[in-house]
Amino acid sequence: MPFWHEDVAAWESAWQAKGLPAFPRITLTPADQQGVLTFNIFPLLKAFRGDAQAAAKAVLEPVEGVQRAEVVKGFVNVSFSPAFWRSFLQAVQERAPSGYTRLQLERGQHLMVEYPSPNTNKPLHLGHLRNLCLGEAVCRLWERVGARVVRANLVNDRGIHISKSMLGWKKFFAPATPQTTGKKGDHFVGDCYVAFERAYRAEVEALKQRGLPEEEALVQAPLFQEAQALLRAWEAGEPQTLALWRQMNEWVYEGFEATFRRLGIRFDKVYYESETYKLGKKVVEEGLKRGLFYREEDGSVWADLTAEGLGKKILLRRDGTSVYITQDLGTADLKFQDYPELTRSVYVIGNEQDHHMRLLVALLRKLERPYAEAIYHLSYGMVELPTGRMKTREGTVVDADDLLDEMHSRALELVEEDLPESERHEIAEAVGQAALRFYLLRVDPTKNIVFDPAESIELKGFTGPFLQYGLVRARRLLEKAAEKGLTPALQATPDAIEPAEEKLLQQLYGLPEALMAAARSFDPALLAHYGYELTRRYNEFYQSLPVLGAEEPVRSFRLALTQAYQIAMEAVMETLALPVPARM
RNA sequence: GGCCCCGUAGCUCAAUCGGAUAGAGCACGGGAUUUCUAAUCCCGCGGUUGCAGGUUCGAAUCCUGCCGGGGUCGCCA
């Protein structure tokens, strides 16, 4: 049983049978220490009266293939025999997809992952890209460990922000369309929104000149009043308003769809807020009837969550219209009606909405929805510029499509010039995307990212192209071997394992654990770091040891090692949704 | 002001939920190609983990206080 999760499970049951007080933690041995696996036996020392040797002996009893075990303080560093590694490589060849790169440990889990849930008044920006990369990677991670996943996108297609872009079009752009202007639909609508905002700001400034305080000015500006009227007309179902709304959303969807397609992302289910917000109102009515919520004198409806430390929250405005959280309540219900077998409902949403998500869960608990506990908010940090937050008003928002284009052309400069033009662009797209996506995935999701447009994104070092390059080289090596009639079929066991080989084997051995850890913590960065380290070790191996030129049985062992690396790395790249070019 | 998150090399980030001498990349300096792709590899430089206490075999990690940054807090989504 040469795979991590199978080994560990077998060892643990053996220890349990022997009544060991606590399972030692098992990790890959740090690079500066001798060994492959480290068993942390500090917690066992008391039971063995400080006799580390005795504790180590008990722990290692069920472990097969041990070549050397060294006890250092509370650590037992173990390395494996060449025969063990040979059987490991054999197992990778024979059952990689079912036991190594795809696991069944979370079988029975059924997730819905909601992302990126954009508004329909602006094109996608860098923050959405982080959301998309994270959401997609999390879906693929959970699929890899045996779960079923529904990718859901909730489109925020109604609300005051849409009214604003509609007004922007009416006043400054009509009758132009994306077709007549040659613009991508989402960008076209974004321009309408910006035009509205600019005019609106001017009105607010004028009112402030006349002595109105800012808060008053913001509400009293004629354009804002008009936008609100438009929202009411929309809710009342006024036909002309609906027609324009539908038209503008169509433009936006076409634009979004193009970007999603470029990123290789498709959704199983799309929810539209315009269809779910009424469900939310029903949920609020239910809460009112059951006395869980209350109505103020002005007609607005509230929930009192002070006991939960969340204060009071408005659920319906005094004019009866719904707010953001209202539709979220309805959508939460709908998700579990559509997919009753869900075990988890994941929301990939920025950490600026931590409070909002806490409110949502608290309200669902109040309503005694059992699935309130199944909700998981994958809260991620913002992408900031060195100068601070991206701001529409200051024109510092980094547009997703523009950035993808820029990455493409930066990568193109590095591609060999004597290749056909279409292939050069194919490679450039793969390299540019991998650079960008890896950059967004390599950091802890909870942390903010500082994106420096001046320095932009590296193509060397701890990057996506670094990972691609290692894999491309390995593939070419195996192709060359095949041309010479050499296969990775294992021959006799080599007498000894070189240090560079052992370091690579160690990392390969850790793949199942890395996949599990990344999925369970909803953290693709763990797998990104794993993949980087794996590539480093392969590069070192590749650089220092000959493969095709080696003597048997070392040659076939190294070919098998290269093949195992290819299998593991392809799994990493696929899971993180990083494209790999045929060559580079 | 209340609540939440964060502070690690010049910069961008790690450190496998309390473990070994805190590690990578970028930048900077030096080196490697008659051999499977040099987008690579090797060597060097770089740290009082914001500050001060506490908890214990052991703290970047946990607790308390302070300093600094960000987010959020009854009708934007």
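Letters A, B, ... are given to chains in the order of the sequence lines, protein chains preceding strands, and every chain is numbered from 1. Because the structure is a prediction, the values reported are computed rather than measured. All values below were derived from every heavy atom in this structure, side-chain atoms included, with hydrogens, water molecules and symmetry-related copies excluded.
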Enquirer: By nearest heavy atom, map A:Phe462 and A:Asp523 onto RNA chain B; which one lands nearer the 5' end?
Expert: A:Asp523

Enquirer: Using the P atom in both, what is the distance from B:C5 to B:G65, to the nearest Å?
Expert: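 B:C5 and B:G65 have their P atoms separated by 14 Å.
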
Enquirer: Just to be sure I understand the rule, does A:Ser379 reach a base, reach only the sugar-phosphate, or reach nothing, if contact means heavy atoms closer than 4.0 Å?
Expert: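 No contact at all - A:Ser379 keeps every heavy atom at 4.0 Å or more from the nucleic acid.
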
Enquirer: With the side chain counted from C-beta on, respond yes when A:Leu37 and A:Thr27 share a heavy-atom pair under 4.5 Å apart, and no when they do not.
Expert: no

Enquirer: Could you work out the separation of B:C13 and B:G7 based on their P atoms and round it to a whole Å?
Expert: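 The answer is 11 Å between these two P atoms.
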
Enquirer: If only side-chain N and O atoms of A:Lys447 are considered, is one of them under 4.0 Å from the OP1 or OP2 phosphate oxygen of B:A14?
Expert: yes

Enquirer: Verify the contact: side-chain N or O of A:Lys480 to OP1 or OP2 of B:U37, cut-off strictly under 4.0 Å; return yes or no.
Expert: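 Yes, because at least one side-chain N or O of A:Lys480 sits under 4.0 Å from OP1 or OP2 of B:U37.
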
Enquirer: C1' atom, B:G30 versus B:U16: distance in rounded Å?
Expert: 35 Å

Enquirer: Please state the P separation for the pair B:G47 and B:C11 - nearest whole angstrom.
Expert: 12 Å

Enquirer: Grab the NZ-P distance between A:Lys313 and B:C73 for me, whole Å please.
Expert: 8 Å

Enquirer: Checking all strands, does A:Tyr324 fall into the base, sugar-phosphate, or nothing category for heavy-atom contacts under 4.0 angstrom?
Expert: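 Base, at least one base atom sits under 4.0 Å.
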
Enquirer: How long is the line joining CZ of A:Arg389 and C1' of B:G71, in whole Å?
Expert: 8 Å

Enquirer: Name the nucleic acid region contacted by A:Val547, choosing base, sugar-phosphate or nothing; use a 4.0 angstrom heavy-atom cut-off, strictly under.
Expert: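 Base contact.
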
Enquirer: Partner of B:G47 by Watson-Crick or G-U wobble geometry, both contacts under 3.5 Å, or none?
Expert: none

Enquirer: Would you indicate what A:Glu273 reaches in the nucleic acid, counting non-hydrogen atoms under 4.0 angstrom: base, sugar-phosphate, or nothing?
Expert: sugar-phosphate

Enquirer: Rounded to whole Å, please give me the gap between CG in A:Leu478 and P in B:C36.
Expert: 15 Å

Enquirer: Check whether A:Tyr277 forms a cation-pi arrangement with A:Arg158 (NZ or CZ under 6.0 Å from the six-membered ring centre, at most 45° off the ring normal).
Expert: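 Verdict for A:Tyr277: a cation-pi partner in A:Arg158.
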
Enquirer: Taking atom P of B:U37 as reference, at what distance in whole Å does atom CZ of A:Arg476 sit?
Expert: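 Whole-Å distance recorded here is 7 Å.
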
Enquirer: So what does A:Asp298 hit on the nucleic acid, given a heavy-atom distance under 4.0 Å: a base, only sugar-phosphate, or nothing?
Expert: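 Base, at least one base atom sits under 4.0 Å.
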
Enquirer: Within the 4.0 Å heavy-atom criterion, would you say A:Asp157 contacts the bases, only the backbone, or no part of the nucleic acid?
Expert: nothing

Enquirer: Taking only the P atom of each, what is the distance from B:U55 to B:A59 in whole angstrom?
Expert: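 Roughly 12 Å separates the two P atoms.
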
Enquirer: Please name the nucleotide paired to B:C26 by Watson-Crick or G-U wobble geometry with both distances under 3.5 Å, or report none.
Expert: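 In the structure as shown, B:C26 has B:G10 as its Watson-Crick or wobble partner.
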
Enquirer: Which atoms form the tightest heavy-atom contact between A:Ser544 and A:Ala500, and what is the distance?
Expert: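 Shortest heavy-atom contact: OG-CB, 4.0 Å.
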
Enquirer: Within the 3.5 Å criterion, strictly below it, is a donor on A:Gln506 or A:Glu502 matched to an acceptor on the partner's side chain?
Expert: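 Result is no, nothing qualifies.
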
Enquirer: B:A39 and B:U35: how far apart are their P atoms, nearest whole angstrom?
Expert: 15 Å

Enquirer: Hey, does A:Asn40 reach any base, or is it just sugar-phosphate, or nothing, if we go heavy atoms under 4.0 Å?
Expert: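 Base contact.
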
Enquirer: For A:Leu559, which contact category applies under a 4.0 Å heavy-atom criterion: base, sugar-phosphate, or nothing?
Expert: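 A:Leu559: no heavy atom of the nucleic acid under 4.0 Å.
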
Enquirer: I want to check one thing: is the phosphate of B:C36, taken as OP1 and OP2, less than 4.0 Å away from some side-chain N or O of A:Arg473?
Expert: no

Enquirer: For the residue pair A:Met248 and A:Thr120, establish whether any side-chain heavy-atom pair is separated by less than 4.5 Å.
Expert: no

Enquirer: With both distances under 3.5 angstrom, what nucleotide forms a Watson-Crick or G-U wobble pair with B:U40?
Expert: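 Partner of B:U40: B:A32.
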
Enquirer: Report the distance from atom CG of A:Asp354 to atom C1' of B:C73, rounded to the nearest whole Å.
Expert: 13 Å

Enquirer: Any stacking of A:Phe75 on B:G19, going by centres under 5.5 angstrom and planes within less than 30 degrees?
Expert: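 No, aromatic ring not over the base.
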
Enquirer: Using a cut-off of 4.0 Å on non-hydrogen atoms, how would the nucleic acid contact of A:Tyr542 be classed: base, sugar-phosphate, or nothing?
Expert: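 Contact class for A:Tyr542: base.
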
Enquirer: Under 4.0 Å: is that the gap between some side-chain N or O of A:Asn119 and OP1 or OP2 of B:A77?
Expert: no

Enquirer: Whole-Å distance between B:U40 C1' and A:Met584 CE?
Expert: 11 Å

Enquirer: Have a look at A:Thr27 and say if it touches a base, only the backbone sugar-phosphate, or nothing, with a 4.0 Å heavy-atom cut-off.
Expert: base

Enquirer: Heavy atoms only, 4.0 Å cut-off, all strands: where does A:Leu548 land among base, sugar-phosphate and nothing?
Expert: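 Contact class for A:Leu548: base.
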
Enquirer: Would you state whether a donor and an acceptor, one from the side chain of A:Ser117 and one from the base of B:A77, lie under 3.5 Å apart?
Expert: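 No, the side chain and the base share no sub-3.5 Å donor-acceptor pair.
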
Enquirer: Once you apply a heavy-atom cut-off of 4.0 Å, does A:Ile449 come out as touching a base, just sugar-phosphate, or nothing?
Expert: sugar-phosphate

Enquirer: Taking atom P in both B:U49 and B:G44, compute the distance separating them and give it to the nearest angstrom.
Expert: 23 Å

Enquirer: Within the structure shown, what part of the strands sits under 4.0 Å from A:Arg536 by heavy-atom distance: base, sugar-phosphate, or nothing?
Expert: sugar-phosphate

Enquirer: Do A:Arg473 and A:Tyr542 meet the cation-pi criteria used here (NZ or CZ under 6.0 Å from the six-membered ring centre, within 45° of the axis)?
Expert: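 Relative to the ring axis of A:Tyr542, which defines the angle, A:Arg473 lies inside both limits.
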
Enquirer: If the P atom of B:C45 is compared with that of B:G29, how far apart are they to the nearest Å?
Expert: 16 Å

Enquirer: Assign A:Asp444 to base, sugar-phosphate, or nothing according to its heavy-atom contacts below 4.0 angstrom with the strands shown.
Expert: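 Sugar-phosphate, no base atom in range.
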
Enquirer: Looking only at side-chain N and O atoms, does A:Tyr469 come under 4.0 Å of OP1 or OP2 in B:A39?
Expert: yes

Enquirer: Rounded to whole angstrom units, what separation is found between the CD atom of A:Glu513 and the C1' atom of B:C17?
Expert: 13 Å

Enquirer: With nearest nucleotides of RNA chain B determined for A:Glu540 and A:Ser521 from heavy-atom distances, which residue corresponds to the more 5′ nucleotide?
Expert: A:Ser521

Enquirer: Indicate whether the side chain of A:Gln566 and that of A:Thr562 have a donor and an acceptor atom separated by less than 3.5 Å.
Expert: no

Enquirer: In whole angstrom, what separates A:Leu230's CG from B:A77's C1'?
Expert: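 After rounding, the gap between these two atoms is 16 Å.
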
Enquirer: Within the 3.5 Å criterion, strictly below it, is a donor on A:Glu114 or A:Ser117 matched to an acceptor on the partner's side chain?
Expert: yes

